Amino acid sequence: MSPSLSPLRILIVAPNWIGDALLAQPLLSRLHQRLPGVAIDVLAPAWTAPVIKRMPEVAEVLSTDFRHGDLRLKERWKLGRALRLRGYSQAYVLPNSFKAALIPFFADIRLRVGFVGESRYGLLNVVHKLDEKKLPLMAGRYAQLAEAPGDAVVLPLAPAHLTVDEGHLLITVSRLGLDRSKPVTAFCPGAEYGPAKRWPARHFAELARRLAARGSSVWLIGSDKDRAVGEEIATLSEGAAINLCGRTDLAAAIDLLSAAQLVVSNDSGLMHVAAALGRPLVALYGSSSAEHTPPLVQEGSPARLLHVDGLECRPCFQRECPLGHFKCMNDLAPERVLDEITEITATTPQ
Ligand code: SF4
């Protein structure tokens with residue numbers, strides 16, 4: 001860990017989810033506006049680090065192996081002491097947990113900014129109180145931390161934006177033997193949160209068959225945890241979809257998504273990644289809602305956020321359907337998604 005070189009270096013303690021990390025990007029952008037020349041380092045769980053490394057606002061990512069619920073006080077104290085050497089003048093703590101605020105406190109960072117969260121008076125010394133009505137969007141809540149407590153968030157929020165490693169993309173395409181001569185539609189069939197956010201495999205497979213009949217290649221992109229569902233979709237699609245789930249790391253998945261003409265995704269981290277890459281997007285919502293955490297779509301990039309209308313039980317925000325019928329996703333028909341894709345592709349330059 002090298003000592004600080006920049007006259008003003010600040011530390012962000014990042015959220016634990018990929019999607020939330022992207023919703024925090026407008027905060028980073030605003031901090032650059034407010035503090036010209038600032039170097040922003042981000043302390044982040046290892047599983048989100050590849051996404052944060054692609055944010056142009058970030059100088060360095062310090063990746064950690066603390067899992068959800070881990071206290072590991074001694075390790076946090078040691079890391080905080082090590083971070084003292086880097087001379088941070090401010091820290092922004094995005095998770096609301098008590099333990100997330102410990103490292104900046106142990107690092108003796110002069111200004112420690114965050115929401116009260118779990119009664120973090122003392123650990124933080126620039127404390128914001130959340131007004132949920134005024135700030136319904138998660139991205140707005142994070143951006144609030146760039147302002148003085150009580151001051152309004154500066155709107156509009158900057159969109160999320162990730163850089164692409166073109167060389168790495170070419171290597172990945174060649175390693176996986178992918179054909180880019182046809183337009184590519186990428187499907188992201190996973191959702192770490194749980195099955196109630198996953199569109200059924202048979203629907204993805206039906207959509208893949210219809211898109212392949214129109215001359216599109218269909219790539220299934222996801223982590224090793226999505227490998228089995230990817231296999232199921234590939235089989236049901238009778239070869240129309242290629243299962244790449246688990247065959248790339250997250251950095252390669254970002255690059256592959258950047259090569260897609262269109263992305264169809266569950267409400268997941270990769271949905272936010274696709275938006276941050278400026279890809280035309282059809283997002284499928286089951287038990288969750290786009291109300292608080294919509295993707296930060298770039299200007300000129302079409303995005304359709306779909307859900308079943310008139311279903312009283314939704315959104316229930318459960319990981320698995322408590323009613324068993326799973327109508328929120330079962331009733332979201334492939335034909336409807338195809339219609340949206342048809343409209344988007346008719347208005348988007350290829
Ligand atoms: S209860 Fe309703 S919203 Fe929740 S998972 Fe089941 S069908 Fe979906």
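Residue numbers count from 1 along this sequence. Counting starts at 1 for both ligands and their atoms, in listed order. On a predicted model such as this, the values are computed, not experimentally measured, just so you know.
- Close approach to Leu323 involves these atoms of ligand 1, each under 4.0 Å from a residue heavy atom: 1 (S).
- Side-chain atoms of His307 and Leu332, non-hydrogen and from C-beta on, never get closer than 4.5 Å to each other.
- At a heavy-atom distance under 4.0 Å, no atom of Glu320 approaches ligand 1.
- Closest to atom 3 (S) of ligand 1, if we only count protein heavy atoms, is Arg314 CB, 3.3 Å.
- Remark: ligand 1 atoms within the under-4.0 Å shell around heavy atoms of Lys327 are 7 (S).
- Counting the atoms of ligand 1 from 1 in the order shown, those under 4.0 Å from a heavy atom of Phe326 are 7 (S).
- Using a 4.5 Å cut-off on side-chain heavy atoms (C-beta onward), Pro195 and Phe326 make no contact.
- Using a 4.5 Å heavy-atom cutoff, the side chains of Val218 and Ile242 are not in contact.
- Proximity to His325 (heavy-atom distance under 4.0 Å) selects the following atoms of ligand 1: 7 (S).
- The local environment of CD in Glu75 is crowded, with over 12 non-hydrogen atoms from other residues, nucleotides or ligands closer than 6.0 Å.
- Between atom 2 (Fe) of ligand 1 and Cys313 there is an N/O/S contact shorter than 2.8 Å.
- Counting non-hydrogen atoms of neighbouring residues, nucleotides and ligands closer than 6.0 angstrom, the CD atom of Glu299 reaches no more than 12 such neighbours.
- A donor-acceptor contact shorter than 3.5 Å links the side chain of Asp179 to the backbone of Ser181.
- Here the heavy atom of the protein found nearest to atom 4 (Fe) of ligand 1 is Cys316 SG, 2.3 Å.
- Within 6.0 Å of CZ in Phe98 there are 12 or fewer heavy atoms belonging to other residues, nucleotides or ligands.
- One option in Ser287, Gly324, Cys328, Pro322 has a heavy atom closer to atom 1 (S) of ligand 1 than any other, and that option is Pro322.
- Within the 2.8 Å limit, Cys321 places at least one N, O or S atom next to atom 6 (Fe) of ligand 1.
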